[in-house]
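First up is the structure itself, then whatever we jot down about it.
Given the structure is predicted, the values throughout are model-derived calculations rather than measurements. Read the numbers this way: they start at 1 and go in the same order the structure lists the ligands and their atoms. Both backbone and side-chain heavy atoms feed into the values below; hydrogens, waters and symmetry mates do not.
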Amino acid sequence: MSYPRVLTIQDISCVGQCSLTVALPVISACGVETCILPSAVLSTHTGGFKGFTFRDLTEDMPAIKDHWVSEGIKFDAIYSGYLGSTKQIDYVADIFGAVDKENTIKIVDPAMADHGKLYYGFNGEFVNAMKELCKVADYVIPNITEAAFLTDSEYKTDYDREYIDMLLAKFSAMGCKNIIISGVSYDADTTGVVVYKDGEYSYYKHQKLSRSCHGTGDIFASAFVGSVVKGKPVFEAAKIAADYVVECIKETIKDESHWYGAKFEPVLGKLIESLNR
Ligand code: PXL
């Protein structure tokens with residue numbers, strides 16, 4: 001991949017530091033061409049704002065794909081994030097198969113839940129459709145809540161390695177290839193990322209900060225995608241992405257009033273530095 005081209009498919013939340021307003025700058029900063037397919041336009045994200053607008057772009061998705069196909073446009077990686085409906089999930093599966101090359105890396109962030117709960121507007125039917133999309137991905141990047149929903153497992157806040165192994169075994173039984181679970185914490189002071197690749201478990205442990213921020217899943221996924229596409233091995237990419245999220249949270253907790261997202265912008269330089277190391 002001399003100059004890789006990534007496609008990311010998710011909504012534009014105009015305000016809220018999530019989805020495409022994170023993926024586009026973060027992946028671009030990694031030094032790769034970043035193309036977007038907006039699945040919807042919202043005035044803000046749905047996590048705490050009231051009365052947000054929602055312009056559904058579902059029916060634009062196949063038309064955009066058809067144009068790319070007719071132009072012979074293909075991508076080296078395709079990364080899907082927050083999607084608004086089961087129909088959008090089906091369209092993403094079509095897009096995966098229509099604009100890919102032989103070695104295109106397909107990454108699914110099943111952005112649909114956190115802290116034990118589905119995000120506003122999602123239900124069991126959506127979860128079931130997301131399971132199908134996960135099966136065709138090379139990498140699935142859930143948090144623990146999403147992992148529990150996708151594997152029909154109990155969500156736990158207090159767990160051990162056995163619980164995580166059970167989630168990974170269920171993902172494998174579903175036919176999912178490689179699983180990267182963020183926010184896995186085995187003790188009070190640390191958290192980390194589980195990388196399950198080709199049946200091998202590895203774990204990167206890092207500092208746990210006192211506050212969690214909205215949108216860090218999108219920041220993690222975007223930095224992971226950028227790092228993998230830049231050629232970093234998967235464990236290294238997960239480490240770079242996790243360290244970047246820690247820097248973003250440190251930047252955000254300096255400002256208690258900043259509740260709706262994480263300040264990823266001031267520390268983009270650190271992400272670029274870690275990619276060049
Ligand atoms: O960060 C995930 C996300 C993306 N897009 C929208 C959201 C959320 C989470 O709440 O509401 C619209």
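Using a 4.0 Å cut-off between charged side-chain N and carboxylate O, Arg211 and Glu256 make no salt bridge. Ionic pairing of Glu132 and Lys135 is present here: one or more N-O contacts between side-chain nitrogen and carboxylate oxygen are shorter than 4.0 angstrom. A salt bridge does not link Lys197 to Asp138: none of the charged nitrogens lies less than 4.0 Å from a carboxylate oxygen. With salt bridges taken as basic N to acidic carboxylate O contacts below 4.0 Å, none links Asp100 and Lys74. Ion pairing of Lys263 with Glu251 is absent here, as no side-chain N (NZ or NE/NH1/NH2) approaches a carboxylate O to less than 4.0 Å.
If you check each of Tyr82, Phe49, Phe54, Phe122 against atom 6 (C) of ligand 1, the one with the closest non-hydrogen atom is Tyr82.
Every atom of ligand 1 is numbered from 1 in the order shown, and the set under 4.0 Å from a heavy atom of Leu42 is 12 (C). Numbered from 1 in the order shown, with element, the atoms of ligand 1 that lie under 4.0 Å from a heavy atom of His45 read 6 (C), 7 (C), 11 (O), 12 (C). Of all the atoms in ligand 1, the ones that sit under 4.0 Å from a non-hydrogen atom of Cys18 are 1 (O), 4 (C), 5 (N).
Within the 4.0 Å heavy-atom shell around ligand 1 one does not find Ala111. The closest approach between any non-hydrogen atom of Ser13 and ligand 1 is below 4.0 Å. Within the 4.0 Å heavy-atom shell around ligand 1 one finds His214.
Thr46 OG1, 2.6 Å is the protein heavy atom nearest to atom 11 (O) of ligand 1. Atom 5 (N) of ligand 1 has as its closest protein heavy atom Asp11 OD1, 2.8 Å. Of all protein heavy atoms, the one closest to atom 1 (O) of ligand 1 is Asp218 OD2, 2.8 Å.
Following chains of ILVMFWY side-chain contacts shorter than 4.5 Å, one can reach Leu83 starting from Val99, so the two form part of one hydrophobic cluster.
In this structure the side chain of Thr104 never reaches within 4.5 angstrom of the side chain of Phe96, judged on heavy atoms.
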